[in-house]
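Worksheet: the structure to be examined is printed underneath.
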Amino acid sequence: VQLQASGGGLVQPGGSLKLSCAASETISSPNIMGWYRQAPGEQRDVVALITSGGVTTYADSVKGRFTISRDSAMMSVYLQMNSLKPEDTAVYYCRVISRSDYWGQGTLVTVSS
């Protein structure tokens, strides 16, 4: 199974981006789909998670600004990012946890004026 992430780019502070991640094939349920990010020189941290049942969790730093969603039929997960800040700059990775653990290749988000 491969995860393909897309949607990163350069955006000004206060702007928005939507990340997408699609799996190449069906992944067994139940599963958890999520987004992580890694800034230069930092560890990779969780941003948001969503379960098969639609339960979501967010890092405190993105609550109220980011929204995670999923399309289970399409094996896709999305991250709508609003009110972006320079400290959101990082490589964003999608992940799916089921009986196995799958990671996408990462997509760079740069928030800068």
Side-chain angles (χ1 to χ4, degrees):
V1 176
Q2 294 185 339
L3 301 181
Q4 182 68 45
S6 61
L10 173 64
V11 63
Q12 292 187 342
S16 298
L17 280 177
K18 185 174 183 178
L19 305 183
S20 301
C21 177
S24 59
E25 57 188 88
T26 300
I27 299 175
S28 60
S29 292
N31 58 60
I32 299 173
M33 307 181 86
W35 290 94
Y36 292 69
R37 67 185 181 187
Q38 187 168 20
E42 302 290 332
Q43 66 180 19
R44 190 175 299 186
D45 290 325
V46 61
V47 175
L49 301 172
I50 184 167
T51 69
S52 300
V55 177
T56 58
T57 58
Y58 295 92
D60 287 342
S61 59
V62 307
K63 283 180 181 177
R65 300 187 298 122
F66 291 10
T67 302
I68 189 170
S69 60
R70 62 185 286 163
D71 182 335
S72 295
M74 299 297 293
M75 286 307 303
S76 297
V77 60
Y78 309 96
L79 187 68
Q80 177 65 47
M81 305 185 294
N82 299 327
S83 302
L84 283 160
K85 305 175 181 180
E87 51 263 42
D88 294 318
T89 295
V91 177
Y92 284 70
Y93 299 88
C94 57
R95 182 185 187 188
V96 179
I97 307 166
S98 60
R99 287 195 289 260
S100 297
D101 190 353
Y102 306 97
W103 286 90
Q105 85 286 5
T107 184
L108 177 62
V109 172
T110 303
V111 184
S112 175
S113 55

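Bear in mind that the values here come from a model prediction, so they are computed numbers and not experimental data.
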For this session: Mind checking side-chain contact (heavy atoms from CB on, under 4.5 Å) for Ser52 and listing every partner two or more places apart, or none if nothing turns up?
Result: Ser29, Pro30, Asn31, Arg70
Exercise. Say you draw a straight line from OH of Tyr93 to SG of Cys21; how long is it, rounded to the nearest 0.5 Å?
Worked result: 13.0 Å
For this session: With the side chain counted from C-beta on, respond yes when Leu79 and Lys18 share a heavy-atom pair under 4.5 Å apart, and no when they do not.
Result: no
Exercise. Looking only at side chains, do Ser76 and Asp71 share a donor and an acceptor under 3.5 Å apart?
Worked result: no
Exercise. Are Asp88 and Lys85 ion-paired here, with the side-chain N under 4.0 Å from a carboxylate O?
Worked result: no
Problem set entry | ILVMFWY cluster, Val91 and Leu3 together (side-chain gap under 4.5 Å) | no
Problem set entry | Student check: side-chain heavy atoms of Ile27 and Glu25 closer than 4.5 Å | no
Problem set entry | Min side-chain heavy-atom separation Ile68-Val77 under 4.5 Å | yes
Exercise. Would Val47 end up clustered with Tyr102 when hydrophobic side chains under 4.5 Å apart are linked, directly or stepwise?
Worked result: yes
For this session: Please identify each residue that fulfils ring-ring contact (aromatic ring centres under 6.0 Å, His included) with Tyr78, with sequence neighbours left out.
Result: none
Problem set entry | Spacing of CG belonging to Leu49 relative to CD1 belonging to Ile97, to within rounding of 0.5 Å | 6.5 Å
Exercise. Are Met33 and Tyr58 connected in the hydrophobic side-chain network, where two residues link if heavy atoms are under 4.5 Å apart?
Worked result: yes
Seminar exercise, completed: Output for pair (Phe66 CZ, Met81 CE), nearest 0.5 Å, gives 5.5 Å
Problem set entry | Pairwise side-chain contact, Val96 with Trp103, heavy-atom cut-off 4.5 Å (strictly under) | no
Which atom pairs, donor and acceptor, lie under 3.5 Å between side-chain atoms of residues 105-113 and protein residues at least two apart or in another chain?
{"from": "Gln105", "atom 1": "OE1", "to": "Ala5", "atom 2": "N", "distance (Å)": "3.2"}
{"from": "Gln105", "atom 1": "NE2", "to": "Ala5", "atom 2": "O", "distance (Å)": "3.0"}
{"from": "Thr107", "atom 1": "OG1", "to": "Gly8", "atom 2": "N", "distance (Å)": "3.1"}

Problem set entry | Short side-chain donor-acceptor distance under 3.5 Å, Tyr92 and Arg37 | yes
For this session: Consider only side-chain heavy atoms of I, L, V, M, F, W and Y, link residues closer than 4.5 Å, and tell whether Ile32 and Val46 are in one cluster.
Result: yes
